[in-house]
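Here's the structure, in structure tokens; my notes come after.
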Amino acid sequence: MGVLPYLVAGWVFLTGCYGLATSRNLIHAVGCLSVCQAGTYVLLLAVGYRHDATAPVFSDLKPGSRPVVDPLVQALTLTDVVVGATVTALLLALVVQISKRHGTVDPDELSELRG
Amino acid sequence: MSRRFRLWLVAVGGAGLAALFTAAALDLPAFGGDHHPYGDRAVHASLSRHTANVIASVNFDQRAFDTLGEMTILFAAVIGCGALLRQTRDEHRATPEPQEVARPVRRYALLVLPVALLTGLYVIAHGQLSPGGGFQGGVVAATSLHLLYLGADYRALERVRPVALYETGDAVATSAYVVTGLAALIGGSAFLANTLLPYGTFNTLSSGGTVPLLNAAVGMEVACAVVVLLARFLDQAVEIEEGNGT
Amino acid sequence: MDDLLPLLVAVPLLGAALLVAGGRLVPRPVAETVGCAVAATTAALALVLLLNSSPPFLEWAGGWTPVNGRSVGIVLIGDGPGLGMAALASLLTLAALAYSWHYFDEPPSGHAGSFPALLLLFQGGMCGFAIAGDLFNAFVWFELMGVAAYALTGHRVEEARAVQGALTFAVVTSLGAYALLMGIGLLYARTGELGMHAIGRGLDAHGRPDALVLAAFVLVMTGLLVKAAAVPFHFWLPDAHAVAPTPVCMLLSGVMVELGTFGVWRVYGTVFAGPGGVPAPEFERTLVTLGALAAVIGAVMCWYQRHIKRLLAYSTVAHTGLFLIGVGVLKPEADDGIALYLLGHAGVKAALFACAGILLDRYGSVDEHALHGRARELKGVAVLFTLGGLGLAGLPPFGTALGKSVTEEAVGGPLTVLYVAASAVTAAAVLRVAGRVFLGLGPKPADGTGSGYETTGSGERPETRHRLSRIPDTMTAVPAVLVAGSLAVGVVPGFAKVVAHSVNETGSAGVAASAHWTPAGVLLGLLSTLLAGVLALLAVTRPKTFAAPDRALWLRRLQSGHVGDYVAWVLVGATVLGALTLPGLLGG
Amino acid sequence: MNGWILAAAVILAGGVGATVWGVATGPLRRRVVAQNLCTAFACPALLLLSQGYDRPSYVDLALVLALLGPVGTLVFARLLADELADDPPSAWGLTYAAAAVGALVVPAVCVAAGPSRAMAKLLFVGVLLIGGNVVASRALSGGFPEARHG
Amino acid sequence: MADAVIVVALLLVAASATAAVAARDPVRQALVLSVLGVVLAILFTVLQAPDVALSQLAVGSALTPLLLLLAVHKVRRRGRREGPRR
């Protein structure tokens, strides 16, 4: 159990990279990039976890009564989710324009920039 | 480069990275350990400023400069999508046809819309108390608006949602966040410092000094940004057509 | 004074918000004036902060000053190099805004403010990254730079190439950013800190470097080297430059790529330089190897290009290689030399891109063969383009020559040969283009020489509404000012000393090294310029023997424009980075 | 040995695991139903976790999932109306099974929470969840008759 | 017991991430990404990060699938009108 979360994070990151490199459809590639990013969420939150601890949100909990997990990594991951959503939107906008101008979204058939 | 050569490259690169990452994972402190010095300091700092949700305190008080950057990224993406998905000279707009929707689905959509909107606003308002915050509530509120599109059709949504207003709202909310930061600087302490307002009593809506203000600014900015983003994509998918037809 | 540091980001952001809010109501010139004004204000603020940053500023954002040595806030470092890069970014943004004065044919759906707003956000992202003292804060500004650059690169959505180049740029840089974030996660797991200096102290306190330090080093450096376009992460740069609007190319090549190199220098100096980090010989071997590879591949590919913008992009890759070698040798003199070289290169490269933009808008093409002898009437642009080429070669009075000579002294014999060769070949390519396009020298190259496997750059539509019959003076004044700036870096007495002092104050613990003209440096500069001239002449008079592109075909086939290839190369590059750094950690 | 978390683990492993397998394989018709059932199983699991961790504030998660889960399925139903028109998915058995799981979990959690504002919130989440899933599966099986774009 | 549910959530995330990459067709991938969003939210709840779970739910359940499917809709509609889809 000790190292499983970190290995799952690495596995998700590398699977996303594999999908991104071997994709035959640019929308599928953008999906694989967001899978890559899910790997970073898992690693960050796994780093901040503490056994038998709860979330440091004291609306329904007396401060100091129970151990709490690390709030820092949660703030970092929150920023990362926002970045993920925006980069996905921008990439999809580019893919829509590529399909309009190239007539295809298969990277193998995009032949404009070579050499 | 042939597909086989690329697969071979991915195999070599992936294997190298996998080995490297596994070795690093073995050196990481055990999962669920107790050594979180920065986290403990953050909890203490958040409680000292009467902010119940420590993550909101980290986001809008201790590391508010990060959140300024995160909000700017969303703002830049909205302008970027506006520029990338604009209607070019060789395109025209076709009016979307009305779409008949089954009765229970329409009723469900029109019923859930206000509930989702209220939940979004509730999540923004209680950002610095219970789980949630400006970002989460903004997205829920913006998504609820699009129930009009899902439950009825795009024309119904367009009547309710003037995109120019939301884009201006996005810009105003972004400048509100920056102006709050500047006010703290002019008020003698540092940029984005939480020293302007009293911290109020713990676990109440007005606790946490400027955290609720920044939270509301981010909530409004995210809601407007998501509406404008979806508006750009919906226009492209539903309205903008090729060629210079009528 | 130091609490004004965050304003370097806040002012451009406020300006961009103002432009978007009011962009619909005001006519275009007003929107662009506001853009220029905000960019100029930020540049002035950056210069003021730079001038009195002798004891470097250390600003804690939000007023969270450390309590017995530890803080929860974000630290901003306002030292010479950081503020220097911020000032350079602001000045180049101002130049780009001035250059693009009512430049594009149609603002998006009547929204005049969106292009200047994106440029301001780009400037804010670059200034934020330059002064970031916190690793996660640097990641946030890295992403903002990226998002603004993707939208700007793909701005001409009617061009099929523009959107493809922008997408490969976006996917590769985003993957680099996520690798950087994984590295930050590992470093935070070990040290429990996010400030760069704090992480460095945490690593030292932990003891000998191990696999985690190596993995964090590889992941963080992968993200930064993708931004710096070092080989084998460089493939996105020529594609992005061939398609981006010219003002954006000036920023991409002028300062954004250099910020990657600055990031490598900053992160190594603060995080990995201690006993707990990556030992110096490993870092030196890795960076010198990658830098040499980038210099050679950049120079060779630059020589065989006929698309002027891609040619300049490859020259940027070559110069990034030279910068990385200078940073890699870890000597104070080399750091000073690279700082001067970088400043000089930014001015010259931005000016060359501006001239290429003029050619594109005047003749609707950036293909060297198609433009053969057609630009004779653009006398002023010809002079500027040639001066730019000589600047790249390292002709003495230029800032690039001073920087190169100081660095060559520090890096020693064999690498000096590489410095002279790389700068000579890239400059020769530029001079060859100048000779053919502006003077019509040599036989008109037959159009069939291209092997069909290259982007020729002909048949591109001009970025302005229609071909410019007369070049507006803003488009000629900006490159002139930039070339003059590059000259000033080399000529103005004492400028080099100030730069050297500010770089050494933070870099290598105050070891006072001086940067000045040396006879050997001047000689090497003249040698590389001479070499460039000879090569250019040979290429122009006998195109068959020298410019036959099929010899380097296997290298050019790697630049395939396929996003999957580039991602595969990023993975391989990260593994190579780890392999190069591994021996020291095992043995040491 | 916290019973609530054990129950949540069972629902996660069984229900959500099945939906992940369902959405990854098989015809489009079955994948869309699996996506709908994923929220139907995830929401009760979140309620059980909230009770198991003794954190009433986690119920907000289940509330937002109960609200937006069916909306996500409506998105798929609306934009895939063409593909789904030829063989409309009609997995009413599975939908009612998932609704039954929800119907079992919500009262159990309400009893544990005791009569208070929290119980009202839990009931509200239960109603939203079951109503949303039924309407979503109704939308999947032909909620958008004419499949013209718009 | 808390560890058991963490292991279950981790395995679910790994499985759905692999499925998301293996689904080559964008429509099928959008469905799997929607399920991946929900499973990630459950993992974040189990790791005691409700704020992040809430934002993942908000983004992953309705916003990302809508963006993906609108992009697919635009790409498919262009392709279909120009004769058989290659």
Side-chain angles (χ1 to χ4, degrees), chain A residues 1-11 13-15 17-18 20-22 24 39 43 46-53 55-61 63-64 67-83 85-90 92-94 96-97 100-101 108, chain B residues 3 6-7 9-10 13-14 17-18 21-22 24-26 28-34 36 38-40 42-43 46-47 52-55 57-59 62-63 66-67 69-71 73-74 76-78 80-81 84-85 126 129-131 133 135 139 202-203 222 225-226 229 232-233 236-237 242:
Chain A
M1 177 57 188
V3 83
L4 176 67
Y6 307 131
L7 294 184
V8 166
W11 165 262
F13 185 83
L14 284 176
T15 309
C17 289
Y18 167 76
L20 192 56
T22 56
R24 294 298 303 276
L43 175 71
V47 159
Y49 184 69
R50 187 196 299 250
H51 277 307
D52 308 326
V57 177
F58 299 111
S59 59
D60 56 351
L61 176 76
V68 286
V69 290
D70 187 347
L72 243 298
V73 283
Q74 297 187 15
L76 304 188
T77 313
L78 202 55
T79 306
D80 200 18
V81 168
V82 170
V83 165
T86 50
V87 167
T88 306
L90 210 60
L92 285 176
L94 284 170
V96 162
Q97 290 296 356
K100 202 181 285 187
R101 296 302 159 191
D108 295 349
Chain B
R3 275 186 67 77
R6 187 186 323 140
L7 274 179
L9 278 183
V10 167
L17 266 183
F21 195 82
T22 315
L26 299 176
L28 275 171
F31 173 71
D34 274 347
H36 300 286
Y38 200 148
D40 305 337
V43 170
S46 165
L47 295 180
N53 184 345
V54 177
I55 292 106
S57 165
V58 169
N59 264 335
Q62 299 165 26
R63 296 182 67 94
D66 271 352
T67 311
E70 163 212 338
M71 189 180 65
I73 290 171
L74 189 55
V78 165
C81 277
L84 292 177
L85 292 177
H126 289 71
L129 305 174
S130 62
F135 170 68
V139 176
F202 189 72
N203 214 355
V222 167
V226 168
L229 267 179
R232 300 284 181 231
F233 274 89
Q236 281 289 340
E242 291 298 300

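Chain letters run A, B, ... following the sequence lines, proteins first, then strands; residues in each count from 1.
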> Relative to chain B, which segment of Asp52(A) carries a heavy atom at a distance below 4.5 Å: side chain, backbone, both, or neither?
Replying inline: neither

> Any idea which of Asp40(B), Val43(B), Leu229(B), Asp34(B) has the most non-hydrogen atom pairs under 4.5 angstrom with chain A?
Replying inline: Asp34(B)

>> Is Leu84(B) close to chain A through its backbone or its side chain, or both, or neither, when contacts mean heavy atoms under 4.5 Å?
In response: both

> Taking only residues two or more places apart in sequence or in another chain, which ones pass side-chain hydrogen bond (donor to acceptor under 3.5 Å, both in side chains) with Arg3(B)?
Replying inline: none

>> Does any backbone or side-chain atom of Leu14(A) lie under 4.5 Å from a heavy atom of chain B? Answer side chain, backbone, both or neither.
In response: side chain

>> To the closest 0.5 Å, what do you measure between CZ (Arg50(A)) and CG (Asp70(A))?
In response: 8.0 Å

>> Nearest 0.5 Å, please: how far is OG in Ser46(B) from CD1 in Ile55(B)?
In response: 9.0 Å

>> Counting only non-hydrogen atoms closer than 4.5 Å, does Val87(A) touch chain B with its backbone (N, CA, C, O), its side chain (CB onward), both, or neither?
In response: neither

> Who among Ala225(B), Cys81(B), Ser57(B), Gly14(B) has the most heavy-atom pairs with chain A under 4.5 Å?
Replying inline: Cys81(B)

>> Under 4.5 Å from any heavy atom of chain B, what part of Leu43(A) do you find: side chain, backbone, both or neither?
In response: side chain

>> Between Pro56(A) and chain B, with a heavy-atom cut-off of 4.5 Å, which part of the residue counts as in contact: side chain, backbone, both or neither?
In response: both

>> Quick check on Leu74(B) against chain A: is it the side chain, the backbone, both or neither that has a heavy atom closer than 4.5 Å?
In response: both

>> Between Gln62(B) (side chain only) and Ala42(B) (backbone N and O only), is there a donor and an acceptor less than 3.5 Å apart?
In response: yes

> Taking it one step at a time, do Leu72(A) and Arg63(B) satisfy side chain to side chain contact (heavy atoms under 4.5 Å, CB included)?
Replying inline: CA-CA 9 Å; Leu72(A) 243 298; Arg63(B) 296 182 67 94; 3.9 Å; yes

>> Heavy-atom pairs under 4.5 Å with chain B: which of Pro67(A), Ala55(A), Gly10(A), Ala89(A) has the most?
In response: Ala89(A)

> Quick one: which of Val81(A), Thr79(A), Val83(A) gives a side chain to side chain contact (heavy atoms under 4.5 Å, CB included) with Glu70(B)?
Replying inline: Thr79(A)

> When you look at CZ of Phe58(A), are more than 12 heavy atoms from neighbouring residues, nucleotides or ligands closer to it than 6.0 Å?
Replying inline: yes

>> With a 4.5 angstrom heavy-atom cut-off, is it the side chain or the backbone of Asn53(B) that approaches chain A, or both, or neither?
In response: both

> Once the angle between the rings of Phe31(B) and His51(A) is folded into 0 to 90°, is it parallel (under 30°), tilted (30 to 60°) or perpendicular (over 60°)?
Replying inline: perpendicular

>> Nearest 0.5 angstrom please: Tyr18(A) OH to Trp11(A) CH2, how far?
In response: 10.0 Å

>> Please rank Val58(B), Val10(B), Asn59(B) by heavy-atom pairs under 4.5 Å with chain A and give me the top one.
In response: Asn59(B)

> Given that the side chain runs from C-beta out, which part of Ala30(B) has a heavy atom under 4.5 Å from chain A: side chain, backbone, both or neither?
Replying inline: backbone

>> Heavy-atom pairs under 4.5 Å with chain A: which of Leu26(B), Val222(B), Leu85(B), Leu9(B) has the most?
In response: Leu85(B)

